[in-house]
Amino acid sequence: MSQAEIHYFGVRHHGPGSARRVLSALEHVRPATVLVEGPADCTPLFSQLARPEMKPPVALLSYVADNAVCSTFVPFVEYSPEYQACCWAVRNNAVLEFIDLPVATRLAQMVAEAAEQTEPSQEDTVEAEPVQEGEEERDFRLSADPIGVLAQLAGYEDGEAWWNDLIEQNADDDHAIFAILDQAMLELRSAALEQCGEHGDLVFARDLPREAHMRLTIGKAAKNSEGPVAVICGAWHVPALQEKHVAKDDRALLKTLPKKLTASKVKSTWVPWTTPRLATSSGYGAGVAAPMWYKHMWQQRNNPNALAYWLGGVARVMREQGHIVSTASVIEAVRLSNGLAAVRGRPAPGFEESRDAVIACLCFGEALIWRKMEARILLGSEVGAIPPDAPLVPLLEDLQRQQKKHKLKPEALPRELSLDLRSGAGAGKSVLLHRLHILDVPWGTLQDSGSSRGTFRERWQLCWEPEYAVRLVEQLIYGSTIEQAAAGKMLETIHTQHTLGLLAQTVQLCLAAQLDEAAERGIARLDERAALAGDCIEFLESLPPLVNISRYGTARDISLEHIDTLNVRLAAQAAIALPYACRNLSDEESQHYCRCVGAAHQAILLAEMEDDAVSSWWQALQEVVDTPTASLQVVGLCARLLYQEQRMAAEVLQVLFQKMLSPAIPAADAARFFEGFFDEAVQRLLYDDLLLNAVEQWLLRLDDEEFIEFLPLFRRMFSSLDAMERKRLLDIVAQDRALVKTDTAYTLNLDAGELWSAQLGRLGRLIKGEQQWYQ
């Protein structure tokens with residue numbers, strides 16, 4: 001049998017123009033066999049791409065069955081040339097085959113690399129040095145970014161714009177461009193090999209085995225095909241595939257690779273993908289800058305008004321966000337896009353021109369408006385779908401079992417779920433939701449505990465998003481079940497966490513998710529870290545979560561023998577360190593200390609510790625108040641905590657206020673004390689005359705400039721009062737003023753008329769927007 005004619009079509013992996021030309025070429029050649037770049041041992045799965053139930057973007061996931069850390073993804077989108085080639089082959093009954101290295105070989109390479117775990121040798125380091133700077137940097141780009149090199153030679157700043165002008169945004173379907181690209185890639189590869197010299201094998205180390213496997217597969221398919229053969233692959237590989245190579249040498253090269261894994265050790269399936277993960281900004285090496293723009297170009301490829309359709313969609317998004325966008329502005333944006341393309345010498349407007357036109361015509365020159373919606377417009381939020389009978393990854397399978405077991409149905413619309421942790425059903429649902437939260441799958445968002453003040457109730461808001469399936473796939477590196485993955489992720493966090501407060505929060509989350517091994521390791525790590533800690537902030541930040549752990553454990557029947565003892569020890573250490581730590585702090589540090597002291601104080605009161613521990617804490621607060629160099633914000637907070645628990649007499653507090661708010665104290669320092677005392681407690685002014693009189697006298701002593709300077713502080717402090725509380729406070733102040741100034745006499749200022757006329761003039765200029773309105 002004679003060898004069939006072979007046609008090579010070099011493409012960009014996700015390009016609407018490439019896909020359009022591939023379809024045109026396939027219709028012209030009518031091949032009997034279609035060969036596509038992709039894992040050769042996954043060919044049976046790729047035929048599923050043409051099924052109506054398969055809604056791109058989707059990805060082929062392959063992983064090692066007993067080591068999910070070793071996994072690969074092969075994404076496909078509607079405008080991928082490979083996807084369109086698969087659909088064409090299925091529609092036209094052509095033989096469809098994938099020709100790249102088997103995924104079993106790729107995963108074997110990953111397993112081998114993970115097993116080595118050795119540092120690079122000095123020889124390897126020396127060999128890598130020539131590709132760091134100068135001419136060698138360009139050599140590296142020839143293999144890593146060949147399109148960028150061509151774009152630079154053509155006078156473009158980046159390869160994206162050059163490729164778009166030449167291929168993706170060009171309206172013609174002429175498949176003769178493939179021959180031009182083949183010649184360009186041949187020259188680039190030749191130049192890279194020549195300039196790299198003896199390091200050429202290093203530059204092409206990743207490509208050579210793949211290309212050898214593809215050549216062997218193409219040769220075999222050409223012998224067995226009953227008609228023409230079409231090869232769709234990355235444009236960079238075409239020159240190597242067309243070269244004459246001895247099959248024996250290609251087989252010898254493949255024998256240098258690790259032995260591929262057995263079929264039982266490799267799992268492959270389809271998973272939904274998302275449009276943002278197709279973007280270059282997501283870290284995807286073969287990604288595109290604007291996935292939604294490419295999708296628009298594909299779907300509107302035959303629409304002469306495609307640009308107007310795109311800008312109309314942008315206008316719709318802006319209107320949904322509350323911006324006023326007129327039809328006339330959209331028309332002007334279309335005209336400006338075409339004008340910019342002509343000025344820049346581009347064959348058609350790209351998303352760069354449309355972006356600039358939108359900023360100018362729809363955003364009125366405000367680039368910030370565009371940046372706020374850029375991700376939604378260019379990246380999108382679409383999630384693909386796979387057939388219901390497709391095999392699932394382990395975490396998704398386990399999630400479906402858990403959902404069925406706990407009778408939790410995923411729904412797109414938000415709904416509330418109230419759980420009683422004293423019942424087995426409620427505790428099981430809570431554990432599942434907490435474990436999913438650990439795995440970055442916030443199917444449920446924990447709300448306030450509701451009307452109950454105990455720890456046996458939880459209130460969740462459930463809302464399932466399709467992209468959560470993708471997030472579960474990403475967590476396969478930690479385990480193949482929900483419990484294993486959550487425990488693995490928490491163990492890793494505990495091992496790498498050195499902050500006592502965050503470590504305590506991690507342990508609390510482990511207990512809520514009933515991850516016993518991780519919780520025990522976390523508690524042991526807490527003991528180790530607490531013995532070495534010497535920072536007061538660490539003690540303060542660790543107390544609230546640890547006390548919550550102690551209280552939370554009673555509802556879940558968890559053994560927490562060491563927690564109570566650890567709480568007492570940390571409280572004692574915090575009490576000793578606090579008076580010294582609060583000295584000479586900046587305003588930012590003072591605010592942080594106030595938050596930590598307030599939270600730790602509440603935790604100590606809730607923990608119901610021994611009298612000695614609580615007495616030490618009260619003594620520490622008193623020492624802070626008595627320390628002259630202590631932060632005035634922290635002093636104010638400690639004074640309030642002592643006063644509201646009746647551990648500071650009213651007479652003592654009155655003296656303290658007279659001192660801190662006296663004219664001898666700078667207004668800025670007095671404001672710091674005021675903020676520390678009344679932050680989240682300004683309601684005390686409603687029923688404590690001592691505090692109200694002290695604050696009123698201080699405010700009256702402030703001059704105009706000082707009052708205006710501290711006005712944001714006053715607004716923040718009094719914003720916690722509701723409308724009725726504000727009215728009550730105003731009534732109290734007005735009543736007191738009326739009692740004091742009952743004999744006040746009023747006189748008429750006859751010169752105020754001229755002053756008022758001048759003020760009206762200034763207000764008029766201000767309304768008109770004049771910059772010198774105050775003159």
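In this chain, numbering begins with 1 at the start of the sequence shown. Quick note: numbers below take in every heavy atom, side chains included, and nothing from hydrogens, waters or symmetry partners.
Contact of the His592 side chain with the Glu541 side chain is registered, since non-hydrogen atoms from C-beta on lie closer than 4.5 Å. In this structure, Pro349 and Leu340 have side chains that are not in contact, with every pair of non-hydrogen atoms separated by 4.5 Å or more. The shortest distance between side-chain heavy atoms of Leu49 and Glu82 does not fall below 4.5 Å. Using a 4.5 Å heavy-atom threshold, the side chains of Leu433 and Trp443 count as touching. At a threshold of 4.5 Å between non-hydrogen side-chain atoms, the residues Leu362 and Val330 count as touching. In this structure, the side chains of Arg435 and Leu515 come closer than 4.5 Å at one or more pairs of heavy atoms. The side-chain heavy atoms of Pro442 and Tyr468, taken from C-beta on, include a pair separated by under 4.5 Å. For the pair His323 and Ile369, the minimum side-chain heavy-atom distance is below 4.5 Å.
Side-chain atoms of Glu458 never come within 3.5 Å of backbone atoms of Leu446 as a donor-acceptor pair (strictly under, hydrogens ignored). Side chain of Ser354 to backbone of Phe351: a donor-acceptor contact under 3.5 angstrom is found. A donor-acceptor pair under 3.5 Å is absent between the side-chain atoms of Ser418 and the main chain of Arg459, judged by distance alone. Looking only at distances, no side-chain donor or acceptor of Ser329 sits under 3.5 Å from a matching main-chain atom of Val325. Judged by distance alone, the side chain of Lys489 and the main-chain N or O of Ile438 form a donor-acceptor pair under 3.5 Å. A side-chain donor-acceptor contact under 3.5 Å links Glu589 to the backbone of Ser586. Although no hydrogens or angles enter the test, the distance criterion places a donor-acceptor pair under 3.5 Å between the side chain of Trp270 and the main chain of Leu45.
The two residues Val58 and Met54 have their closest heavy-atom pair at CG1-SD, 3.8 Å. Closest non-hydrogen pair, Asn305 versus Asn303, comes out as N-OD1, 2.9 Å. Among all heavy-atom pairs drawn from Pro81 and Ala19, the shortest one is CG-N, 3.7 Å. The minimum heavy-atom distance linking Tyr83 with Val77 is given by the pair CB-O, 3.6 Å. Residues Arg415 and Lys409 approach most closely at NH2-O, 4.4 Å, considering heavy atoms. Listed here is the closest heavy atom pair of Cys361 and Leu336: SG-CD2, 3.8 Å.
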Throw together a table of side-chain donor-acceptor distances under 3.5 angstrom for residues 285-297, partners on residues two or more places apart or in other chains.
{"from": "Trp293", "atom 1": "NE1", "to": "Gln169", "atom 2": "OE1", "distance (Å)": "3.0"}
{"from": "Tyr294", "atom 1": "OH", "to": "Arg12", "atom 2": "NH1", "distance (Å)": "3.1"}
{"from": "Tyr294", "atom 1": "OH", "to": "Glu160", "atom 2": "OE2", "distance (Å)": "3.2"}
{"from": "Tyr294", "atom 1": "OH", "to": "Asn164", "atom 2": "OD1", "distance (Å)": "2.3"}
{"from": "Lys295", "atom 1": "NZ", "to": "Glu382", "atom 2": "OE1", "distance (Å)": "2.6"}
{"from": "Lys295", "atom 1": "NZ", "to": "Glu382", "atom 2": "OE2", "distance (Å)": "2.6"}
{"from": "His296", "atom 1": "NE2", "to": "Ala306", "atom 2": "O", "distance (Å)": "2.9"}

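Here Glu78 pairs with nothing under the salt bridge (Lys or Arg N to Asp or Glu O under 4.0 Å) rule; sequence neighbours left out. Take Asn338 and apply the side chain to side chain donor-acceptor pair (under 3.5 Å) test, not counting sequence neighbours, and it matches no residue. The side chain to side chain donor-acceptor pair (under 3.5 Å) test applied to Gln633 returns no partner, not counting sequence neighbours.
Note that OG1 of Thr72 is 7.0 Å distant from CG of Leu60, once rounded to the nearest 0.5 Å. The OG atom of Ser590 sits 9.0 Å away from the CD atom of Glu675 when rounded to the nearest 0.5 Å. Between atom OG of residue Ser430 and atom CG of residue Leu417 there is a gap of 9.5 Å, rounded to the nearest 0.5 Å. Distance CD1/Ile232 to CH2/Trp88: 9.0 Å, rounded to 0.5 Å. Interatomic distance, CG of Leu462 versus CD of Glu416, reported as 9.5 Å (0.5 Å rounding). Taking CG of Leu307 as the start and CD of Gln300 as the end, the distance is 11.0 Å to the nearest 0.5 Å.
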Full working for side-chain contact (heavy atoms from CB on, under 4.5 Å) between Leu181 and Val11
CA-CA 9 Å; Leu181 285 176; Val11 299; over 6 Å; no

For Cys594 and Asp679: C-alpha separation, side-chain torsions, deciding distance, then whether side-chain contact (heavy atoms from CB on, under 4.5 Å) applies.
CA-CA 9 Å; Cys594 284; Asp679 190 21; 5.9 Å; no

One pair to check against side-chain contact (heavy atoms from CB on, under 4.5 Å): Gln84 and Val22. What are the steps and the verdict?
CA-CA 8 Å; Gln84 294 298 329; Val22 163; 5.7 Å; no

Residues Trp298, His14; criterion ring pair (Phe, Tyr, Trp, His ring centres under 6.0 Å); working and verdict:
CA-CA 11 Å; Trp298 171 255; His14 305 297; over 10 Å; no

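Heavy-atom neighbours of Leu730 CG from other residues, nucleotides or ligands within 6.0 Å: above the threshold of 12. Counting heavy atoms of neighbouring residues, nucleotides and ligands inside a 6.0 Å radius, atom CZ of Arg715 does not exceed 12 of them.
Annotation: salt bridge (charged side-chain N to carboxylate O under 4.0 Å, His left out) contacts involving residues 311-340, sequence neighbours excluded, comprise Glu320-Arg376, Glu332-Arg335. Contacts classified as salt bridge (charged side-chain N to carboxylate O under 4.0 Å, His left out) and involving residues 345-363 (residues at least two apart or in different chains) are given here: Asp165-Arg346, Arg344-Glu353, Arg344-Asp356, Arg346-Glu352, Arg346-Glu353.
Note on ring orientation: taking the six-membered ring where Trp is involved, the planes of Trp273 and Phe73 are tilted (angle from 30° to 60°).
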